[in-house]
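These notes concern the structure reproduced below.
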Amino acid sequence: MSPKDVLTISRRTLLKGAAFGAAAGLAAPAYLRTARAQSGPIKIGFPVPITGPYSTEAQDQVRCAEIAIAMFNEAGGLNGRKAELLVRDDKLNPGEGATRALELIESDKVNFLCGSLSASVQLSVNQVAKQRGVIYNSISQSDSINEAADFSKYTFHEALNPHMTAGAVGRYVFPKFGKRVAFLVADYAYGHEMARGFRTAGKEFGIEEVVEIKHPLGQTDFSTFFPRIQAARPNVLVVCNFGRDQLNTVKQATDFGLKQQMKIAFPVLLFSQRLAGGAGPFEGVFGGANYYWGLEDKFPSAKRLNDAYRAKHNNAVPTDYGALGFAGIYALLEGAKKAGGTDPDAVIAALEALKYDAYKGPEYFRKCDHQAVQSVLVLESKPQAQVKSQYDVFNVVEMQPPEEKFLRSCQQLGHG
Amino acid sequence: MTFDLILLQIFTGVALGSIFVLVALGLSLIFGLLTIVNFAHSQFFMLGAYVGVAVLGLTGNFWVALLAVPLIVGAIGMVCERVLIRPLYGRGIDYPLLLTFGLGLIILELVRIVAGTEGIPFNTPEGLTGAMDLGVFFFPKYRLFLIAVTALILVALWVFLEKTPFGLIIRAGARDPEIVQVLGVDVSKVWLIVFGIGTGLAALAGVLAAPIRGVFPEMGVPVLVEAFVVTVVGGMGSLLGAVIAGLAVGITLSMTSLFYPEMTTLSMFVLMAVVLIFRPRGLFGRAGVLD
């Protein structure tokens, strides 16, 4: 039992019901929908889990979103219309997320929504947004948000999805390190979707799954799983978990000497957890990412974001998930600029046609599911000897190009 | 499924159980002698890890932290007993229970305010990193160290309670405080010290767990559940029970995760339910306590 377990119960049962109840009550006919202001400041609602286990990531998303807003306003806004960020705490809870989204739409009259940091919360925010006809740009990993059942024309997805992330990491590690693969999977949507992504990518290389172990979210001690993993003699251990679970797995696996026998790969290797865990435990661990600040050598847009962040936050650099807060807001505001206003249909059309470079090179939204087609980084954590400064923690070993072939097809997702 | 694997799994369970034993020991000590169900116990565990980080930051020495943490947090525990809990003696078991529950929340929020919500790295101390060859398999040095420290503390505690004059007073005070008072012993002082030892043990467990689990404000929350399961299985207030039950819960978790990992968390509660069906007072529970 852990705080996250309690959270899961409420996430999955209690409040999911509440969220969908609320959303169902919102299925108002189109003429009842509140008219959004077409003049005055452009308001963007930003519900993220400022408290709770992902607070580190969420707070960085807010910092980066503020930078996108400031950048837009300093450049003169949209014909003088300035943008405004309305941050709310969704407490990593779908019911809370739906309520905050509803308030943002009804009382604050926001023009757009952006945010959320959990598959279940983003789906409940998406429910509210699509029934109220407000554009929502989601910045957290999810496969199902692309699927026809959850999608609406108002739904955009700036974040990576598990299929493309796990795919990129799998295609890098399987041919390099071997076909015998062990899975250690956090037993909830994120873990399952990531594991599915690895398995799909693994088919190409004929991987053999030697053992699969599911663990509850928020496990504090992983040691009891290790003997079985070691006995299965894998070449690669794929660990599909997130946040503090990731740090604990890496620390304990290092103590048990797992890294001498196998390579460890995560779908997403978190910058924040690496900073919290230090170089030693993470040395030689692989994982995917949407962003790493070191991209600034290659992309002026990355340098633009890093420099703005450094200037405002004591020379620190944005995290991977933080940078998504920037990109999510940036894309919405670019869409509004192209559309010449905030009318939802005009902005949707503009976003569908948009080619943008927010923070890491070219991106665009695929028309059928509004998934941001973008690069995926594969990272390797540096050994202490190679670390030159506090934030110098990863090597970018591979950059999967922004191509639709790495996404599931529109037909697979049930679009048309 | 080889013999080696099962042996390693049992050993892993013993190492895991060591932390359970340490946490449950303090809880059981305070309950057995003061009849206080200390719901703030897990937050003293967390406080121990944070004080450990602070001492480590000042001195750079893990061993100094290991000595200083139980003393500092034990002293904080004694202040809490003196100021908050003592006025509640003789008012029924639920008064201190509610008080310590609130105290736990306050400690948690204070730590969040002072140290932030993000968590702090705590590296395995120099010299205890990596694994050691035990002949049949490799095992992390730090976890071996943990087993050894737990054994050492158990022996020390046993000697203190059973072989010293002060231990005699504590045991007498637990059995019949009135008579002890009549004999001229200041019982409230005894309880103050017992509460200090209990919270100090929780803090020591916290700093010992830090290199394995990391340091963050919510780290105590699962510990409270584990500690109560161990205490209930072992029998409320029984120190021997806490030791046996702690190891039993560790091994149960470990063996379940070998055969049926999804059921790992549940297995601990199944064990508790089974024990309570056959022995409602727990394995070593005394009659009259909590009846």
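Just so it is clear, the values below take in all heavy atoms, side chains as well, and ignore hydrogens, waters and symmetry mates.
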### Message
Measuring only between side-chain heavy atoms, which start at C-beta, is B:Leu253 closer than 4.5 Å to B:Ser267?
### Response
yes
### B:Glu109 bridged to B:Arg112 by N-O distance under 4.0 Å
yes
### OG1-CG distance between B:Thr264 and B:Leu258, expressed to the nearest 0.5 angstrom
10.0 Å
### Query
For A:Lys214, is it the side chain, the backbone, both, or neither that has a heavy atom closer than 4.5 Å to a heavy atom of chain B?
both
### Message
Tell me if the CG atom of B:Asp133 is crowded by more than 12 foreign heavy atoms within 6.0 Å.
### Response
yes
### Task
Say whether A:Glu57 and A:Ser272, considering side chains only, have a donor N or O and an acceptor N or O under 3.5 Å apart.
yes
### Message
Only heavy atoms, only distances under 4.5 angstrom. Which residues in residues 229-237 of chain A are near chain B?
### Response
A:Gln230, A:Ala231
### Query
Roughly how far apart are A:Asn241 CG and A:Leu247 CG, rounded to 0.5 Å?
10.0 Å
### Under 4.5 Å from any heavy atom of chain B - which part of A:Asp221
side chain
### Query
Is it the case that B:Thr59 and B:Asn61 place a side-chain donor and acceptor less than 3.5 Å from each other?
no
### Message
Which one wins on heavy-atom pair count under 4.5 Å against chain A: B:Pro211, B:Gly220, B:Gly214, B:Ala209?
### Response
B:Pro211
### Message
Does any backbone or side-chain atom of B:Ile212 lie under 4.5 Å from a heavy atom of chain A? Answer side chain, backbone, both or neither.
### Response
both
### Task
Check each atom of B:Ser254 against the heavy atoms of chain A and say whether the ones under 4.5 Å are side chain, backbone, both or neither.
both
### Message
Looking at B:Met132, I want to see if its CE is surrounded by more than 12 non-hydrogen atoms of other residues, nucleotides or ligands under 6.0 Å.
### Response
no
### Task
Check the angle between the aromatic planes of A:His313 and A:Tyr309 and answer parallel, tilted or perpendicular using the 30° and 60° thresholds.
tilted
#### Entry: A:Phe242, A:Phe271, A:Tyr291, A:Tyr54 screened by ring pair (Phe, Tyr, Trp, His ring centres under 6.0 Å) with A:Tyr321, the one that passes
A:Phe242
### Query
Looking at A:Arg274 and A:Asp320, does any basic side-chain N land under 4.0 Å from a carboxylate oxygen?
no
### Message
For residues 384-393 of chain A, give me every residue with a non-hydrogen atom less than 4.5 Å from any non-hydrogen atom of chain B.
### Response
none
#### Entry: Proximity breakdown for A:Ser223 and chain B, heavy-atom pairs closer than 4.5 Å
both
### Query
What distance separates A:Phe282 CZ from A:Gln273 CD, expressed to the nearest 0.5 Å?
6.5 Å
